[in-house]
Undergrad: 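Got a structure for you, written out below as structure tokens; questions coming shortly.
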2 protein chains.
Amino acid sequence: MTVINIFLTDELGETLDDFVHDERRFTFARLGSDGPRQLVEGPAYVFVDWVMDDMAGLEMCRRLRADQRMGDSHVTMVLESDDIEDRRRALKAGADDYLVGPLDRTTVLDRVLALQSERQPRHATQRLEFGPLVIDMAALQARWAGEPVQLRPNEFRLLRYFAENANRVLSREELISGLGKQEPPIDERTVDVWVGRLRRALKSAGAGNPLRTVRSLGYVFDLV
Amino acid sequence: MTVINIFLTDELGETLDDFVHDERRFTFARLGSDGPRQLVEGPAYVFVDWVMDDMAGLEMCRRLRADQRMGDSHVTMVLESDDIEDRRRALKAGADDYLVGPLDRTTVLDRVLALQSERQPRHATQRLEFGPLVIDMAALQARWAGEPVQLRPNEFRLLRYFAENANRVLSREELISGLGKQEPPIDERTVDVWVGRLRRALKSAGAGNPLRTVRSLGYVFDLV
DNA sequence: CGTTATGTGACGCGATGGTGACATCCGCCC
DNA sequence: GGGCGGATGTCACCATCGCGTCACATAACG
């Protein structure tokens, strides 16, 4: 079982004490005013609260961002009130996102699980899994819910790139360079054709149409 | 080589004259009492000093914040003394940050470099949450209580704007400029149509009708 | 009940994307 | 070498979409 690391500042920790000691799958840790009180393996999810009338929260955010050991972490700023200036400042201080407190168990866990599923893949190089999609790098073969997807080389690369960047809008430009086609320069509209061909392949393998067009921007691979 | 833009108010500029003319990698520019004296490409780091017994510093802060061209800039207020009230006022006026003067070369450069490194590699998966509404800026997708909301680009922008200004009456004029549609001038009544379309989209995603009409003023996004 | 503000279906224009057809290119086999 | 077949980039056509406007219906207000 994967262990998920969550850091909470003291105040939030108190609020959530009932489940801090309860969950097994998660590592909860307290965050002192001088930084994380313990180190963990792997990426962590940090919730920093605002702390009224003081920069403490922002300052903490900045330090975490600067801290090499926490490089991969996802920092969520917990605002006290829904103030527009506060939000801006939170993001500027390096928060990855924000939400308005107070927090409860469900919110924290939902948020963490959502983020988790986004960043899942990355590690295994031979076999990538994204929900119903399995990409076998060794066999250069993809399956959707067990069903093999008939792909030509370029489509395979495209699908892989989409899967590795699921739930993110990818511009045509990014897709072109993502597939390593700089030379000769490729017409952006060609991406439309790639996507069309990939869609057809996915469809005949029984996947619906997970590739959503975002008008005038690009395409997203929607993964629930 | 990346060029970093730094604005200093006159007083600070004088203090720091020795290195204003010295560094190559930085663009230093003076900030007159009427605003930036020159425009630069890209985000800038602005240091505004407090100016004893006067609101000038705060006023400047406010103006910079309102200035479209400086939208991405980071404003640091330089306090004369470490007063809690002053801090609050600085932040309220839109400063991103403050520090206590007088400044020296090292402090300015350290601060700027720190901010710089923060802003580079961020590919923030910004996920904004407002009660049951989740706006995923990366996937350009909104969900209401988990249910995806089918939105066209303009509606997405509109919803985001509403959410970020929840519980505040927004005039049609503000909505138009908030979505960045200055050119060509838009008929105010068009906003009614936008709202109508957004309402329909929200409704078919199972949200009720969180957009309330305020007769002869505009619309509010009612949250909680 | 008159007046003013808002809701909304319909329309049309420009922009944008989907797609079949075609031209190239490349590797392979005889 | 020549011929073949699959893969892929490009093009052009056209369906579709997004969106601003208008016109009329409806609602709110005093």
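Chain naming here is simple, since letters A, B, ... match the order of the sequence lines and numbering starts at 1 in each. None of the values given here were measured: they were computed from a predicted structure.
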Undergrad: In whole Å, I'd like the distance from the CG atom of A:Leu151 to the P atom of D:dT8.
TA: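 It works out to 10 Å between those atoms.
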Undergrad: Working note: A:Leu159 + A:Leu198, criterion side-chain contact (heavy atoms from CB on, under 4.5 Å); need CA distance, chi angles, decisive distance, verdict.
TA: CA-CA 7 Å; A:Leu159 177 57; A:Leu198 178 51; 4.1 Å; yes
Undergrad: Classify every nucleotide of nucleotides 21-30 of chain D by which part a protein heavy atom approaches to under 4.0 Å, writing B for the base, S for the sugar-phosphate alone and - for neither, in 5'-to-3' order.
TA: BB-----BS-
Undergrad: CG of A:Leu170 versus C1' of C:dG17: gap in Å, rounded?
TA: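 Result: 17 Å.
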Undergrad: In whole angstrom, give the distance that lies between atom CG of A:Asp192 and atom C1' of D:dC11.
TA: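 Whole-Å distance recorded here is 12 Å.
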Undergrad: Does a side-chain N-to-carboxylate-O contact under 4.0 Å join A:Arg168 and A:Glu174?
TA: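 Salt bridge: yes.
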Undergrad: Closer than 4.0 Å, any side-chain N/O of A:Arg172 to the OP1 or OP2 of C:dT16?
TA: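 So the side-chain polar atoms of A:Arg172 never come under 4.0 Å of the phosphate oxygens OP1 or OP2 of C:dT16.
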Undergrad: Measure from the side-chain N and O atoms of B:Glu147 to the backbone N and O of B:Trp144, and report whether any donor-acceptor pair falls under 3.5 Å.
TA: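 Not confirmed, B:Glu147 side chain does not pair with B:Trp144 backbone.
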Undergrad: So, using side-chain contact (heavy atoms from CB on, under 4.5 Å) as the criterion, who are the partners of A:Leu179 when residues are at least two apart?
TA: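 Scan of A:Leu179 (side-chain contact (heavy atoms from CB on, under 4.5 Å), adjacent residues dropped) gives A:Asn154, A:Arg157, A:Leu158, A:Tyr161, A:Lys181, A:Trp194.
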Undergrad: List for me each residue that meets side-chain contact (heavy atoms from CB on, under 4.5 Å) alongside B:Gln150, sequence neighbours excluded, and say none if there are none.
TA: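 Result, side-chain contact (heavy atoms from CB on, under 4.5 Å) vs B:Gln150: none returned.
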Undergrad: Parallel, tilted or perpendicular: which describes the rings of A:Phe221 and A:Phe162, with under 30° parallel and over 60° perpendicular?
TA: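 It falls in the tilted class, 30° to 60°.
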Undergrad: Who pairs with A:Val214 by side-chain contact (heavy atoms from CB on, under 4.5 Å), at least two apart in sequence or on another chain?
TA: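 Here the qualifying residues are A:Val169, A:Arg212, A:Leu217, A:Val220, B:Leu140.
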Undergrad: Checking B:Thr213 against B:Arg199: is there a side-chain donor and acceptor pair closer than 3.5 Å?
TA: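 Indeed, the side chains of B:Arg199 and B:Thr213 share at least one donor-acceptor pair under 3.5 Å.
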Undergrad: Compare every heavy atom of A:Pro148 with every heavy atom of A:Ala205, then report the nearest pair and how far apart it is.
TA: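 Closest approach of A:Ala205 to A:Pro148, heavy atoms only: CB-O, 3.8 Å.
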Undergrad: Can you name the nearest heavy-atom pair linking B:Gly131 to B:Leu223, along with the distance?
TA: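 Nearest pair, atom of B:Gly131 first, then B:Leu223: N-CD2, 4.5 Å.
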Undergrad: Within the pair B:Trp194 and D:dC19, is there a side-chain N or O less than 4.0 Å away from OP1 or OP2?
TA: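 False: B:Trp194 side-chain N/O out of range (4.0 Å or more) of D:dC19 OP1/OP2.
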Undergrad: Is there a side-chain contact between B:Lys181 and the phosphate of D:dG20, meaning an N or O under 4.0 Å from OP1 or OP2?
TA: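 It does, given that an N or O in the side chain of B:Lys181 lies less than 4.0 Å from OP1 or OP2 of D:dG20.
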Undergrad: Starting at atom CG of B:Leu140, determine the distance to atom P of D:dG18, rounded to an integer number of angstrom.
TA: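 My rounded result for the distance is 14 Å.
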Undergrad: To the nearest 10 degrees, how far apart in direction are the end axes of the helix from C:dC1-D:dG30 to C:dC30-D:dG1, each fit to five base pairs?
TA: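 Roughly 30°, once rounded to the nearest ten degrees.
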Undergrad: Rounding to a whole Å, what distance do you find between B:Leu211:CG and C:dT6:P?
TA: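 These atoms are roughly 14 Å apart.
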Undergrad: So which protein N/O to nucleotides 4-6 of chain D N/O distances come out below 3.5 Å?
TA:
none

Undergrad: Is the phosphate of C:dT6 approached by B:Ser216 (side-chain N or O, under 4.0 Å from OP1 or OP2)?
TA: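 No, no such contact exists.
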Undergrad: Hey, does the side chain of A:Ser204 reach the backbone of A:Arg200 with a donor-acceptor pair shorter than 3.5 angstrom?
TA: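 Yes: the side chain of A:Ser204 pairs with the backbone of A:Arg200.
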Undergrad: Ignoring hydrogens and geometry, is there a side-chain-to-backbone donor-acceptor pair from A:Asn167 to A:Asp222 under 3.5 Å?
TA: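 It does not hold such a pair.
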Undergrad: In whole angstrom, give the distance that lies between atom CG of A:Asn209 and atom C1' of C:dT19.
TA: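 Nearest whole value for this atom pair: 15 Å.
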Undergrad: Under 4.0 angstrom, heavy atoms only, what part of the nucleic acid is B:Tyr219 near: base, sugar-phosphate, or nothing?
TA: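 Sugar-phosphate contact only - B:Tyr219 comes under 4.0 Å of backbone atoms but never of a base.
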Undergrad: From CZ of A:Arg157 over to P of D:dA7, roughly how many Å is that when rounded to an integer?
TA: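 Computing the A:Arg157:CZ to D:dA7:P distance gives 12 Å.
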Undergrad: Grab the CZ-C1' distance between A:Arg199 and C:dT19 for me, whole Å please.
TA: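 To the nearest whole Å, that distance equals 12 Å.
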